[in-house]
Asker: 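Below is the structure I would like to discuss, written out as structure tokens.
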Amino acid sequence: MTRHARNCTAGAVYTYHEKKKDAASSGFGSSSRRLGKDSVKGFDCCSLTLQPCRNPVITKDGYLFDKEAILTYIITKKKEFARKMKEYERQLKEDEEEQVEKANAETKKQVDRFISTEKNIVSSKTANPADEIPSTSGAISNVSLGKRKELPSFWVPSQTPSAKVARLEKPDSKIYCPISNKPLKMKELIDVKFTEVKDPSDKKSLIAKENRYMCAVTHDILNNSVPCAVLKTTGDVVTMECVEKIIKKDMIHPLTNEKLTESDIIPLQRGGTGFSTTNDNLQAKEERPALQC
């Protein structure tokens, strides 16, 4: 237990801070903490590899990916679909063969029943009525009329019934975005063009720089706390402030003078810091034993 001042019984109030500290040290109870900026994906990092993008592309929903990573993901999903489709087609073929076997077995059963009926008619006409042996009505042997195949013996391993394999559903041919779970097509990916910060005095590599990119129009430094957007026609990254104050006034691209529409402005999904309100639905849970009274 945490000591209150000099003695453990010096204070009557068990403060929230002391309770959290004791819970953390004991390993029991629930705990919550803020996420620092080192724990959140950077705005220019791939949503799959979590590393800075070398060839950035963006989806129509604003999620940034490295081109190599997202194409590898799409190819892997296509191969998985082809494998599942082969298994599904094999299942359909087995179902057809099973239906044919059932039809042949039913036909054979009817033929055996007809032959048995004909034999009984002939035997009843030729046999002496006095020699007939009374039989129990409705008693049929389990091994007659081919019922040996229908009633397997549970004590014989080769004749015990086996559980059927679970049915496979027809696989979905669509490929979904790993982040938004919306349909994703390769042709819908848009190339992104970041504008690098040109500082002759900074000799660090691009990845080591703290301020790597800037707005293509206003040259404001871009980071996680700055909302950004991608112009679909050219792939330039600009700040949302630039979009609201400059671009949306006449809906013309400031660099190429092209006419823009609302769909040409794609907000870039970014990772928020631990002190921002972005990504407020992000939760990390750790199951720990709980003390019971």
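Keep in mind that what you see is a predicted model, and the values were worked out from it rather than measured. All values below were derived from every heavy atom in this structure, side-chain atoms included, with hydrogens, water molecules and symmetry-related copies excluded.
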Asker: Does the side chain of N104 reach to within under 4.5 Å of the side chain of K108, using non-hydrogen atoms?
Answerer: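 Side-chain contact under 4.5 Å: no.
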Asker: If only side-chain N and O atoms count, and only distance matters, is there a donor-acceptor pair under 3.5 Å linking S225 with N223?
Answerer: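 Indeed, the side chains of N223 and S225 share at least one donor-acceptor pair under 3.5 Å.
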Asker: Taking all heavy atoms of C177 and all of Y73, pick out the closest pair and write down the distance.
Answerer: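 Closest approach of C177 to Y73: C-OH, 4.4 Å.
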Asker: Do L231 and I265 have side chains that get closer than 4.5 Å, going by heavy atoms?
Answerer: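 Yes, their side chains come closer than 4.5 Å.
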Asker: Would you check, one step at a time, whether the test salt bridge (Lys or Arg N to Asp or Glu O under 4.0 Å) holds for K259 with D250?
Answerer: CA-CA 9 Å; K259 193 67 177 177; D250 47 11; over 6 Å; no
Asker: What is the minimum heavy-atom distance between C46 and C53, and which atoms define it?
Answerer: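 It is N-SG, 3.4 Å.
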Asker: We want to know whether E258 and T256 form a side-chain donor-acceptor pair, criterion being a heavy-atom distance below 3.5 angstrom.
Answerer: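 There is such a pair (donor and acceptor under 3.5 Å, judged by atom type) between the side chains of E258 and T256.
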Asker: Set out, in order, the CA-CA distance, both residues' side-chain angles and the distance that settles side-chain contact (heavy atoms from CB on, under 4.5 Å) for L222 and N211, then state yes or no.
Answerer: CA-CA 7 Å; L222 305 181; N211 299 326; over 6 Å; no
Asker: Please evaluate residues I70 and V57 with respect to the criterion side-chain contact (heavy atoms from CB on, under 4.5 Å), reporting the C-alpha separation (whole Å), side-chain torsions for both, the decisive distance (0.1 Å), and the verdict.
Answerer: CA-CA 9 Å; I70 192 62; V57 292; 4.0 Å; yes
Asker: Search all heavy atoms of Q91 against all heavy atoms of L168 and return the closest pair with its distance.
Answerer: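 Distance-wise, the nearest heavy atoms are OE1-N, 2.8 Å.
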Asker: Under a 4.5 Å cut-off applied to non-hydrogen side-chain atoms, are Q110 and E106 in contact?
Answerer: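 Answer yes - side chains close enough.
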Asker: Would the distance check show the side chain of K41 and the main-chain N or O of C45 forming a donor-acceptor pair, the cut-off being under 3.5 Å?
Answerer: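 A pair under 3.5 Å: yes.
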Asker: If every non-hydrogen atom of Y176 is compared with every non-hydrogen atom of P183, which pair is closest and at what distance?
Answerer: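 Scanning both residues completely, I find the closest heavy atoms to be CD2-N, 3.7 Å.
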Asker: When you measure from the side chain of T239 to the backbone N and O of C228, does any donor-acceptor pair fall under 3.5 Å?
Answerer: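 No; judged by distance alone, with no hydrogens or angles, the pair does not exist.
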Asker: Look at the side-chain heavy atoms of Ile, Leu, Val, Met, Phe, Trp and Tyr, link any pair under 4.5 Å apart, and say whether F43 and I266 land in one connected group.
Answerer: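 F43 and I266: one cluster.
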Asker: Does R212 come within less than 4.0 Å of E196, counting only side-chain N to carboxylate O?
Answerer: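 Looking at E196 together with R212, the answer is no, because their closest N to O distance does not fall below 4.0 Å.
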Asker: Under a 4.5 Å cut-off applied to non-hydrogen side-chain atoms, are M85 and P171 in contact?
Answerer: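 Heavy-atom side-chain distance check passes, below 4.5 Å.
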Asker: For residues Q51 and D66, determine if any side-chain heavy atom of one lies less than 4.5 Å from a side-chain heavy atom of the other.
Answerer: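 Counting from C-beta outward, Q51 and D66 never come under 4.5 Å.
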Asker: Are K232 and D191 ion-paired here, with the side-chain N under 4.0 Å from a carboxylate O?
Answerer: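 D191 and K232: not salt-bridged.
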Asker: Do T59 and E188 have side chains that get closer than 4.5 Å, going by heavy atoms?
Answerer: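 Counting from C-beta outward, T59 and E188 never come under 4.5 Å.
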Asker: For I252 and I247, run side-chain contact (heavy atoms from CB on, under 4.5 Å): C-alpha distance rounded to whole Å, both residues' side-chain angles, the deciding distance at 0.1 Å, then the answer.
Answerer: CA-CA 6 Å; I252 294 178; I247 297 177; over 6 Å; no
Asker: Counting heavy atoms not belonging to E169, are there more than 12 under 6.0 Å from its CD?
Answerer: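 Not more than 12 within 6.0 Å, no.
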Asker: Treating D172 as the side-chain partner and K174 as the backbone partner, does any N or O pair qualify as donor plus acceptor under 3.5 Å?
Answerer: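 Answer holds: yes.
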Asker: In this structure, would V226 and M214 fall into the same cluster of hydrophobic residues linked by side-chain contacts under 4.5 Å?
Answerer: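 No, it is not one cluster - the side chains of V226 and M214 are not joined through contacts under 4.5 Å.
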Asker: A216 and D236: which non-hydrogen atoms are nearest, and at how many Å?
Answerer: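 Shortest heavy-atom separation between A216 and D236 comes out as CB-CB, 4.1 Å.
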Asker: Would you say I179 and F65 make side-chain contact, with heavy atoms under 4.5 Å?
Answerer: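 In short, these two side chains touch, coming nearer than 4.5 Å.
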Asker: When you group the ILVMFWY residues by side-chain heavy-atom contacts below 4.5 Å and let the links chain together, are F194 and V197 in the same group?
Answerer: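 Per the 4.5 Å side-chain linkage, V197 and F194 are not co-clustered.
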Asker: Quick one, L268 and V192 - any side-chain contact, counting heavy atoms below 4.5 Å?
Answerer: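 No, side chains not in contact.
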Asker: Please report the interatomic distance OH(Y213) to CG(D44), rounded to the nearest 0.5 Å.
Answerer: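 One finds 5.5 Å between OH of Y213 and CG of D44.
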Asker: Nearest 0.5 Å, what's the CG-CD distance between D220 and E241?
Answerer: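 Taking CG in D220 and CD in E241, the distance rounds to 6.5 Å.
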Asker: Please check if the side chain of S116 supplies one atom and the backbone of D112 the other of a donor-acceptor pair under 3.5 Å.
Answerer: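 Not a single qualifying donor-acceptor pair exists.
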Asker: Hey, quick one: are L71 and I175 part of the same hydrophobic cluster, counting side-chain heavy atoms closer than 4.5 Å, chains of contacts allowed?
Answerer: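 They do share one cluster, since a chain of ILVMFWY contacts under 4.5 Å joins L71 to I175.
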Asker: What I want to find out is whether K84 reaches E80 closely enough, with some N-O distance under 4.0 Å, to be called a salt bridge.
Answerer: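 Here K84 pairs with E80 in a salt bridge, since their nearest N and O are under 4.0 Å apart.
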Asker: Calculate, to the nearest 0.5 Å, the distance between atoms OH and NZ belonging to Y88 and K170 respectively.
Answerer: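 Result: 6.0 Å between the selected atoms.
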Asker: Take atom CZ in R83; do more than 12 heavy atoms of anything else shown fall under 6.0 Å from it?
Answerer: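 Check passes, neighbour count above 12.
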Asker: Rounded to the nearest 0.5 Å, what separation is found between the CD atom of E98 and the NZ atom of K93?
Answerer: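 It comes to 15.0 Å.
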Asker: Hydrophobic clustering (ILVMFWY, side-chain heavy atoms < 4.5 Å, transitive) - are I74 and L48 grouped together?
Answerer: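 Yes; I74 is reachable from L48 via cluster members.
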Asker: Quick one: closest heavy-atom pair of M251 and K248, and the distance?
Answerer: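 Closest pair (atom of M251, atom of K248, distance): SD-CA, 3.7 Å.
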Asker: Working note: V237 + K193, criterion side-chain contact (heavy atoms from CB on, under 4.5 Å); need CA distance, chi angles, decisive distance, verdict.
Answerer: CA-CA 7 Å; V237 181; K193 184 170 61 177; over 6 Å; no
Asker: Output yes when a side-chain donor or acceptor of D264 lies under 3.5 Å from a complementary backbone atom of T261, and no otherwise.
Answerer: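 Here the side-chain-to-backbone pair exists.
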Asker: What is the distance from atom OG of S180 to atom NZ of K60, rounded to the nearest 0.5 Å?
Answerer: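 Those atoms lie 9.0 Å apart.
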